[in-house]
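In this text the structure is predicted, and so the values were computed from the model without any measurement. So you know, we letter chains A, B, ... as the sequences are listed, proteins then strands, and number each from 1.
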Amino acid sequence: MQGNYLAKRIGQALLTFFATVTLTFVLYQMMPGGPEQALRNQILSQQMGSSNTINPEQIEQLVENYTNLESDAPIYVQYYQYMSSVFLEFDLGESLYSEDTVTSLLAERLPWSMLISVYAMVIGYSVSIVLGAVMAFKEKSRFDSVSSVVVIGLNSTPYYVAGILFIFFFSIRNNFFPTGGRYGLGIEPGFNLAFMQSIALYAALPILSMSVLGLGTALTMRGNSVRVLGEDYLRVAELRGLRNSRIATQYVGRNAILPMYTQFMIGIAGVLSSSVIVEEIFSYPGVGLLVYDAIQVRNYPVLMGSLIVFTLVTIVAILIADLTYGFIDPRISSGGNNE
Amino acid sequence: MSNERPDDDLETLFDADIDREPTPRSQRLKRQFDLYVVAPARVAMTDWRAIVGTAIIAMFVLMGTVGVWLVDRPTSNVAPVLVPPFQNPNYILGTDTFGQPIGAQLIHATPDMFRMVFAGAVVSIGFAALVGVLSGFLRGSKIDTILMSITDIIITIPGLPLVIVLIAIFQPKDPYVIGVLLGLDNWPGLARTVRSQVLSIREESYVEASQIMGISTGTILRRDVLAQLMPYITVNAALASRRIIFESVGLYFLGILPFTTFNWGVMMNIAYEGNALSKPSMYHFLAFPLLTIFLMSFGLVLFSQGMDSVFNVRLRARHSSTIDDDGGPEP
């Protein structure tokens with residue numbers, strides 16, 4: 001049963017990845033004027049400054065380099081070539097504006113984006129789980145109603161608005177944090193304390209503003225906990241004389257957190273996606289900023305490549321979450337139903 | 001609903017079996033109106049969140065309809081540049097760096113915002129309801145498997161980057177198209193939740209009874225399942241709208257969506273690019289659009305929460321008399 005479930009999940013992950021790669025291929029084809037024309041325009045405008053002219057064959061060659069598409073081949077051949085170069089050679093083409101391959105560009109930026117999005121997820125969700133539980137425990141108290149309003153308010157604040165306000169109050173007015181970048185100038189990258197501190201300092205505001213995304217969970221957690229608190233088995237647990245801490249974690253916590261699982265899964269994709277906006281605001285050079293810059297100059301290969309890599313990261317994250325979920329909730333491990 | 005006598009229920013219940021005399025259309029409409037508008041509204045009056053949320057949304061609707069008609073469409077240099085707010089009664093919220101009144105810009109951005117939200121909400125809720133109900137009801141069949149696989153695939157593909165790529169390629173200008181694009185990545189999560197709701201409704205005895213009675217699947221879907229899902233869908237429509245506002249304003253703010261008309265995000269972009277954060281004379285140029293977005297999504301969140309409690313209260317109150325509302329031949 002377990003092995004079957006594993007195979008099914010991995011198969012699904014592969015299928016998803018396959019679908020995304022196909023999607024980017026379709027997008028290339030759907031470009032106004034076709035990929036060849038769109039890229040030809042790009043290349044021509046890029047070469048405008050320099051005096052040397054390029055002949056059509058060269059352009060053909062360039063298009064092929066940039067996208068893995070041989071634009072005069074029949075479409076099924078193109079599709080086959082594109083799929084095989086992505087899946088077998090891990091080649092996403094080349095950036096239009098630098099000598100780098102898309103893969104290397106993304107590989108360099110990805111850890112930085114992961115840094116801020118993972119911390120944002122962890123902070124956002126853990127704060128809201130604790131807050132939601134406390135709110136449920138003190139249901140109908142003043143604390144409950146005040147924090148409900150505060151959470152609704154925070155939940156109505158787009159993360160980029162939060163980011164702008166953070167920059168305003170903590171960087172411009174008070175100078176506590178830097179306004180942009182990954183680490184301070186003149187700090188030697190490597191495994192040393194100064195570098196680590198600098199990274200934390202520069203990542204703090206992006207992480208904070210992204211963690212606003214997860215705060216809505218507090219209300220879900222509150223609702224779940226309130227419901228669990230009214231259940232019979234809780235009374236039984238109390239009558240059995242179990243310690244309060246045990247009841248809180250084993251009975252209330254566990255049963256209240258589990259239904260939020262789907263939300264958490266979708267959250268992974270959401271936080272990573274939002275990096276495009278957050279990283280641009282904080283000029284934090286991660287994958288998001290790479291995408292943003294690529295849009296400005298219509299660097300299609302980079303755009304398509306990052307879409308593929310974003311999906312890959314999300315698939316892996318969800319797969320890990322899914323496979324570990326069985327350890328948390330034994331009811332799921334049989335894997336029959338997907339609710 | 002609550003004023004029906006108990007023996008009425010029995011009568012209608014048995015009627016359903018023998019010869020189902022259709023209720024007159026007018027009465028049916030009246031009953032539906034009572035069930036979906038009057039009763040929730042009555043309960044809503046007791047929930048401050050529903051009241052405040054509805055008031056805020058109503059204010060924006062007024063802004064987008066009457067406001068647009070009352071206030072002239074702003075053009076450059078109709079006013080002095082960067083008038084501070086609350087100084088001149090003609091430009092209460094002040095003016096921007098081009099001498100356009102900020103209040104008027106905010107008002108004239110509203111109709112397009114509503115178009116976007118409408119298109120996006122219709123697409124995401126429509127898809128979610130269709131896919132969720134269908135696959136929930138055909139649980140275990142091939143169609144269910146296929147639909148859920150597609151849903152899982154789309155859940156996984158990160159929506160915002162995909163939308164950004166689509167926007168970069170096609171440069172959509174029509175607010176409806178933008179709304180549809182933004183709505184496209186919104187439905188899968190909801191579809192799954194709808195499906196699990198349908199699965200639990202399906203297990204209820206009255207649905208089983210309808211099946212045994214040989215009522216067609218389509219009718220059961222429409223009468224029993226969709227009717228129960230409506231509250232859920234209403235709540236989520238508000239949340240989907242909020243998300244579309246967030247994303248579209250964000251994309252306008254970054255300058256990824258082409259500037260075609262007035263938009264809160266476009267205003268923020270211009271202010272932010274003009275370094276409004278470090279120039280006190282420009283604070284209001286950035287602050288008012290920010291405040292507007294906050295207010296609108298605050299209204300939507302409050303509304304959805306208020307509705308949630310309203311519907312739940314109703315469900316609880318109805319629980320003792322489930323049969324007369326859901327089991328009978330009532331549409």
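If you measure heavy-atom distances from B:Ile245 to chain A, the contacts under 4.5 Å come from the backbone alone. Residue contact with chain B, scored on non-hydrogen atoms closer than 4.5 Å, involves the side chain of A:Tyr160 exclusively. Using a 4.5 Å cut-off between heavy atoms, A:Met30 touches chain B through backbone and side chain atoms alike. The part of A:Leu23 that comes within reach of chain B is its side chain, from C-beta onward, which places non-hydrogen atoms under 4.5 angstrom from that chain. There is no contact between B:Met296 and chain A, counting heavy-atom distances below 4.5 Å. Neither the backbone nor the side chain of A:Leu312 has a heavy atom closer than 4.5 Å to any heavy atom of chain B. Residue contact with chain B, scored on non-hydrogen atoms closer than 4.5 Å, involves the side chain of A:Ile172 exclusively. For A:Phe17, no part sits under 4.5 Å from any heavy atom of chain B, backbone or side chain. The contact between B:Val249 and chain A is made by backbone and side chain atoms together, counting heavy-atom distances below 4.5 Å.
Annotation: maximal heavy-atom pairing with chain A below 4.5 Å, among B:Leu160, B:Val301, B:Leu254, occurs at B:Leu254. Each of A:Asn155, A:Leu15, A:Leu219 has some count of heavy-atom pairs under 4.5 Å with chain B, and the biggest count is that of A:Asn155. Between chain A and the residues B:Ser278, B:Gly255, B:Gly250, B:Gly140, the most heavy-atom pairs under 4.5 angstrom are made by B:Gly250. Listed options A:Arg298, A:Met304, A:Gln296 were ranked by heavy-atom pairs under 4.5 angstrom with chain B; first place goes to A:Arg298. For the set B:Leu290, B:Thr193, B:Leu277, the entry with the most heavy-atom pairs within less than 4.5 Å of chain A is B:Leu277. For the set B:Leu286, B:Ile293, B:Ile256, the entry with the most heavy-atom pairs within less than 4.5 Å of chain A is B:Ile256. Contacts with chain B were tallied for A:Leu27, A:Ile315, A:Ile164, A:Val161; A:Ile164 has the most, counting heavy-atom pairs under 4.5 Å.
A:Asn174 places a side-chain N or O within donor-acceptor distance of the main-chain N or O of A:Phe169, the cut-off being under 3.5 Å. In terms of modelled atom types and a separation under 3.5 Å, the side chain of A:Arg109 and the main chain of A:Leu106 share no donor-acceptor contact. Here the side chain of A:Ser113 pairs a donor or acceptor atom with the backbone of A:Val287 at under 3.5 angstrom. A donor-acceptor distance shorter than 3.5 angstrom exists from the side chain of B:Thr145 to the backbone of B:Ser141, with no hydrogens or angles considered. Panel note: side chain A:Ser209, backbone A:Pro206; a donor-acceptor pair is recorded below 3.5 Å.
Under the 6.0 Å cut-off for aromatic ring centres, A:Phe282 and A:Phe166 do not qualify, their centroids lying 6.0 Å or more apart. In this structure, the ring of A:Tyr28 has its center no less than 6.0 angstrom from the ring center of A:Tyr300.
The aromatic rings of B:Trp264 and B:Phe60 are tilted relative to each other, their planes meeting at an angle between 30° and 60°.
Residues that satisfy the side chain to side chain donor-acceptor pair (under 3.5 Å) test with A:Ser145, not counting sequence neighbours, are absent from this structure. The side-chain contact (heavy atoms from CB on, under 4.5 Å) check on B:Ser200 picks up nothing, with sequence neighbours excluded.
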